[in-house]
Amino acid sequence: MSTIIHQDLQILFSRERIRHRVAEMGRQIDREFAGEKVVLVGVLKGAAIFLADLARSISVDNTFDFVAVSSYGKGKTSTGAVKLIKDLDQPIEGKNVVIVEDILDTGLTLGFLRSLFEQHQPKSLKIATLLDKPSRRVEKIEADYVGFTIPNEFVIGYGMDFAERYRNLPDICLMPPELAPPQA
Ligand code: IMP
């Protein structure tokens, strides 16, 4: 017996809205990097689906790479500690790099990755995030390309999880507040 997991969930952004917005983001990246090459660096696992769609919306010559990070003590007791658990496969020195992330929340993850990647001296370093939750920011950081700005709500779907579930939902849905993790 299969379990229908998203029939009662409230949709925040439908797959059609996501598709249109990601296509616009791709066109913006195309304009800014016309005639150049770009390395898209996805942050596993949440950004995998966004990267797959964004890359197909980009016409400029692009390659992919992926990193993975783990963070500790998020929330009220945040220590801000972020650790790299999967490094880049290819050097980014002298390259145009776009970090591709699902959500910019406290900013600790992207703050950490930005400083780390800057040490490799890329030609340029930009951040593309599908969602931005500015009200939760701890670290001062802004993305160059933002899909949608959202309030302090916990979302799932289109790559984003709750305890590793729901990443496969085609729409971005709101986690019912009674089930959502506490937001600091
Ligand atoms: P930050 O370091 O707080 O900016 O964390 C960003 C990461 O937290 C994202 O890449 C997600 O993995 C996770 N995250 C933050 N908010 C949500 C949410 O609403 N749903 C699912 N994951 C989230």
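We count ligands from 1, going down the list as the structure has it; atoms in each ligand are counted the same way.
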Option with minimal heavy-atom separation from atom 12 (O) of ligand 1, where the choices are I141, D102, D105: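 Looking at heavy atoms only, D102 sits closest to atom 12 (O) of ligand 1.
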Selected option - heavy-atom contact closest to atom 1 (P) of ligand 1, from L131, T106, I172, L130: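 Selected option, by shortest heavy-atom distance: T106.
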S124 versus N96, side-chain donor and acceptor atoms under 3.5 Å: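 Yes, side-chain donor-acceptor contact under 3.5 Å.
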Pairs of donor and acceptor atoms involving the side chains of residues 60-68, under 3.5 Å and at least two apart or interchain, shall be tabulated with distances.
{"residue": "N62", "atom": "ND2", "partner": "V60", "partner atom": "O", "Å": "3.0"}
{"residue": "D65", "atom": "OD1", "partner": "D89", "partner atom": "N", "Å": "3.2"}
{"residue": "D65", "atom": "OD2", "partner": "D89", "partner atom": "N", "Å": "2.9"}
{"residue": "D65", "atom": "OD2", "partner": "Q90", "partner atom": "N", "Å": "3.1"}

Side chain to side chain donor-acceptor pair (under 3.5 Å) between Y158 and N168, worked out: CA-CA 6 Å; Y158 196 74; N168 63 316; over 6 Å; no
Distance under 4.0 Å to a non-hydrogen atom of [X]: what atoms of ligand 1 satisfy this?
{"X": "I103", "value": "6 (C), 9 (C), 10 (O), 16 (N), 17 (C), 18 (C), 19 (O), 20 (N), 23 (C)"}
{"X": "D161", "value": "21 (C)"}
{"X": "E153", "value": "19 (O)"}
{"X": "G107", "value": "1 (P), 3 (O), 4 (O)"}
{"X": "E101", "value": "10 (O)"}

Test salt bridge (charged side-chain N to carboxylate O under 4.0 Å, His left out) applied to E24 and R21, step by step: CA-CA 5 Å; E24 283 174 356; R21 187 68 192 116; 2.7 Å; yes
Any donor-acceptor N/O pair, R136 side chain to T106 backbone, under 3.5 Å: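 Not at all, since once roles are kept as given, no pair shorter than 3.5 Å links the two residues.
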R165 side chain vs D161 backbone, donor-acceptor pair below 3.5 Å: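 It does not hold such a pair.
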Polar atom proximity, I156 to ligand 1 (N or O, under 3.5 Å):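 No, I156 has no N/O under 3.5 Å of an N/O on ligand 1.
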Sub-4.0 Å heavy-atom approach of K133 to ligand 1: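 For ligand 1, residue contact (heavy atoms, under 4.0 Å) with K133 is present.
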Min side-chain heavy-atom separation H20-R15 under 4.5 Å: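 Heavy-atom side-chain distance check fails, nothing below 4.5 Å.
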